[in-house]
There are 2 protein chains.
Amino acid sequence: MQFSKSTDYALHALLHLGHSERRSNIGIKELSTTLGVSESYLSKIMSKLRQDGIVRAVPGVNGGYELSRPADQITFLDVIQVIEGRQQLFECSNTNSQQHRSLAEEGVVQQDHECSGKSECLVEQVMNGAEQQLHQYLQEHTIQSVLDMAFKCSNHEANKKE
Amino acid sequence: MQFSKSTDYALHALLHLGHSERRSNIGIKELSTTLGVSESYLSKIMSKLRQDGIVRAVPGVNGGYELSRPADQITFLDVIQVIEGRQQLFECSNTNSQQHRSLAEEGVVQQDHECSGKSECLVEQVMNGAEQQLHQYLQEHTIQSVLDMAFKCSNHEANKKE
DNA sequence: TCATTATGGATCTTCAATGTCCACAATATA
DNA sequence: TATATTGTGGACATTGAAGATCCATAATGA
Ligand code: SF4
Ligand code: SF4
């Protein structure tokens, strides 16, 4: 269970865009050189990011990509969900097993009673709870927050040298 | 990014073992029937669980599996780590890119200074932080805790009928 | 000894992730 | 308008991990 390389690339591409906000368009060539990833593959990823409204793209001379909203409004969760998809961390594939039926009788699988509003089994409840923890954390961290921390550290370094 | 089916199977197998603590050995046949998964495949999974000390196995007549420690000491994290492995959620594969070098200069990649004790880049810090949140949650939930909740709910149901 | 049960190696299939290539559309500029 | 530039998306190849099966072997109890 790991994030894909594409997610890695997407995050780094966005960091580069966020870092270079002055010039408004960054071409795939520059991104490719910077990240050390082929243009072909990276362009697929950028395309996905565009389809989900994370970046804007303009073709033609002097075209390229730019963030479509401020870097502090692009969370890690946003990026991950675009690239990895939005399926749940855990999706049971056994709902017609003998065990599922017998667990259902005992209440492990919640149906409509007041023990829990959701019609979600207890195993899924644990897993979805875990997923929520993860999502919450990832939502609190943005492209900008990484850039900010870098800036702080870099200042700190500079001060030390005086 | 999803948990594998094997993890699903492992959790359910352990739930079955935890639920049937009376009889001390549950064979692969019973598990296979209960979960609706082939004996061959399930036995691989059980083997892994044994190698990591989650279950005990005894071959021969009347052999089978049993939990090697109380169900309340088997956390979801334990099981997931056995099956999915212990690699990190995020492992950067770009440490020799041009971008990495320039980020390193700015402090995004921490080395040994006091801005952060670890020699870990800021991107990895975010990702590892997220992973820790996830792990913490998964560590708080055990095979027993699911069985307990089921029991409570089932009691609740029974009371309603009186 | 013998039937039973778990183990581990070999092997097969499937499928998503990774990666490349190319024809085409959109754009700025001369 | 003509042209060079740049992103888009479809097709396709490669790779490796997940999922799954089979079988020879080892361990055990009766
Ligand atoms: S109890 Fe939950 S996790 Fe288990 S088989 Fe049923 S739905 Fe799936
Ligand atoms: S900055 Fe961190 S995540 Fe980015 S390339 Fe360097 S080590 Fe990897």
Side-chain angles (χ1 to χ4, degrees), chain A residues 1-10 12-13 17 23-33 35-68 80 82-87 89-94, chain B residues 1-10 12-13 17 23-33 35-66 68 80 82-87 89-91 93-94:
Chain A
M1 233 258 304
Q2 255 194 303
F3 289 122
S4 64
K5 288 193 178 189
S6 295
T7 296
D8 184 330
Y9 300 156
H12 280 85
L17 293 187
R23 299 165 287 159
S24 62
N25 280 334
I26 311 276
I28 194 70
K29 277 212 179 76
E30 178 174 335
L31 282 175
S32 167
T33 309
L35 302 201
V37 177
S38 82
E39 296 180 25
S40 321
Y41 194 45
L42 200 50
S43 70
K44 300 281 183 205
I45 295 171
M46 297 312 292
S47 237
K48 265 196 187 176
L49 291 174
R50 184 189 60 82
Q51 285 167 12
D52 271 65
I54 310 277
V55 301
R56 263 193 295 270
V58 359
V61 183
N62 296 326
Y65 300 95
E66 61 180 348
L67 300 184
S68 67
I80 289 168
V82 169
I83 306 295
E84 307 276 337
R86 289 176 173 75
Q87 351 108 26
L89 216 50
F90 179 83
E91 279 171 14
C92 172
S93 49
N94 271 14
Chain B
M1 234 259 303
Q2 253 193 306
F3 289 121
S4 63
K5 286 191 179 190
S6 294
T7 296
D8 184 330
Y9 300 155
H12 281 85
L17 293 188
R23 298 166 288 159
S24 62
N25 281 331
I26 310 275
I28 195 69
K29 277 212 179 79
E30 178 175 336
L31 282 175
S32 167
T33 308
L35 302 201
V37 176
S38 83
E39 295 180 27
S40 321
Y41 193 46
L42 199 51
S43 71
K44 300 283 185 206
I45 295 171
M46 295 313 291
S47 234
K48 266 196 185 175
L49 291 173
R50 184 189 61 84
Q51 284 167 14
D52 270 66
I54 310 277
V55 301
R56 263 193 297 271
V58 359
V61 183
N62 294 327
Y65 301 94
E66 61 180 346
S68 68
I80 289 169
V82 169
I83 306 296
E84 307 276 335
R86 288 175 174 77
Q87 351 108 26
L89 217 49
F90 178 83
E91 279 170 17
S93 49
N94 271 12

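Labels below follow one simple rule: chain letters A, B, ... track the order of the sequence lines, proteins then strands, and each chain is numbered from 1. Basis for what follows: all heavy atoms, side chains included, without hydrogens, waters or symmetry-related copies.
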Under 3.5 Å, which donor-acceptor pairs do the side chains of residues 45-62 of chain B form with other protein atoms, sequence neighbours left out?
| unit_1 | atom_1 | unit_2 | atom_2 | d |
| --- | --- | --- | --- | --- |
| B:Asp52 | OD2 | B:Arg86 | NH2 | 3.4 |
| B:Arg56 | NE | B:Glu66 | OE2 | 3.4 |

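Across every non-hydrogen atom of A:Tyr41 and A:Ser6, the tightest pair is OH-OG, 2.9 Å. Counting all heavy atoms, side chain and backbone alike, A:Ser32 lies closest to A:Ser38 at OG-C, 3.9 Å. Counting all heavy atoms, side chain and backbone alike, B:Leu35 lies closest to B:His12 at CD2-CB, 3.7 Å. A:Glu30 approaches A:Ile26 most closely through the heavy-atom pair CD-CG2, 3.7 Å.
The side chain of B:Lys5 lies closest to D:dA20 when the candidates are D:dA20, C:dT29, C:dG19. Nearest nucleotide to the B:Lys29 side chain, out of D:dG19, C:dT5, D:dT5: C:dT5. Among C:dA3, C:dA17, D:dA18, the nucleotide with an atom closest to any side-chain atom of B:Ser4 is D:dA18. The side chain of A:Ser6 approaches C:dT18 more closely than any other nucleotide in the set D:dG7, C:dT18, D:dA18. Taking every side-chain heavy atom of A:Ile28 into account, D:dG7 is the closest of C:dT7, D:dA18, D:dG7. The side chain of A:Pro59 approaches D:dG7 more closely than any other nucleotide in the set C:dA28, D:dG7, C:dT7.
Counting to the nearest Å, the C1' atom of C:dT4 and the CD1 atom of B:Ile26 are 16 Å from each other. Here C:dA6 presents its C1' atom at 14 Å from CG of B:Leu17, a figure rounded to the nearest Å. Atom C1' of nucleotide D:dG19 and atom CG of A:Asn94 are separated by 13 Å, given to the nearest angstrom. Separating the NZ atom of B:Lys48 from the P atom of D:dA17 is a distance of 12 Å, rounded to the nearest angstrom. With rounding to whole Å, B:Gln2 atom CD is found 15 Å from C:dA17 atom C1'. C:dT5 atom P lies 7 Å from atom CG of B:Asn62, rounded to whole Å. When rounded to the nearest whole Å, the span between CG of A:Asn25 and C1' of C:dT29 equals 15 Å. Following rounding to the nearest Å, A:Asp52 (CG) and D:dT8 (C1') show an atom-to-atom distance of 16 Å.
When each of A:Gly63 and A:Met1 is assigned the nucleotide of DNA chain D with its nearest heavy atom, A:Gly63 is the one assigned upstream, toward the 5' end.
When the side-chain nitrogen and oxygen atoms of B:Tyr9 are compared with OP1 and OP2 of D:dA20, one or more of them lie within a distance under 4.0 Å. For A:Gln51, a side-chain nitrogen or oxygen approaches OP1 or OP2 of D:dG9 to under 4.0 Å. Considering only side-chain N and O atoms, B:Arg50 lies nowhere under 4.0 angstrom from the phosphate OP1 or OP2 of C:dT5.
Between the side chains of B:Ser4 and B:Tyr9, no donor-acceptor pair of N or O atoms lies under 3.5 Å.
Interface residues of residues 36-47 of chain B facing DNA chain D, ordered by number: B:Ser38, B:Ser40, B:Tyr41, B:Lys44; criterion, heavy-atom separation under 4.0 Å.
With values rounded to the nearest 0.5 angstrom, B:Gln87 atom CD is found 4.5 Å from A:Gln2 atom CD.
Counting heavy atoms from C-beta outward, A:Phe90 and B:Asp8 have side chains that approach closer than 4.5 Å.
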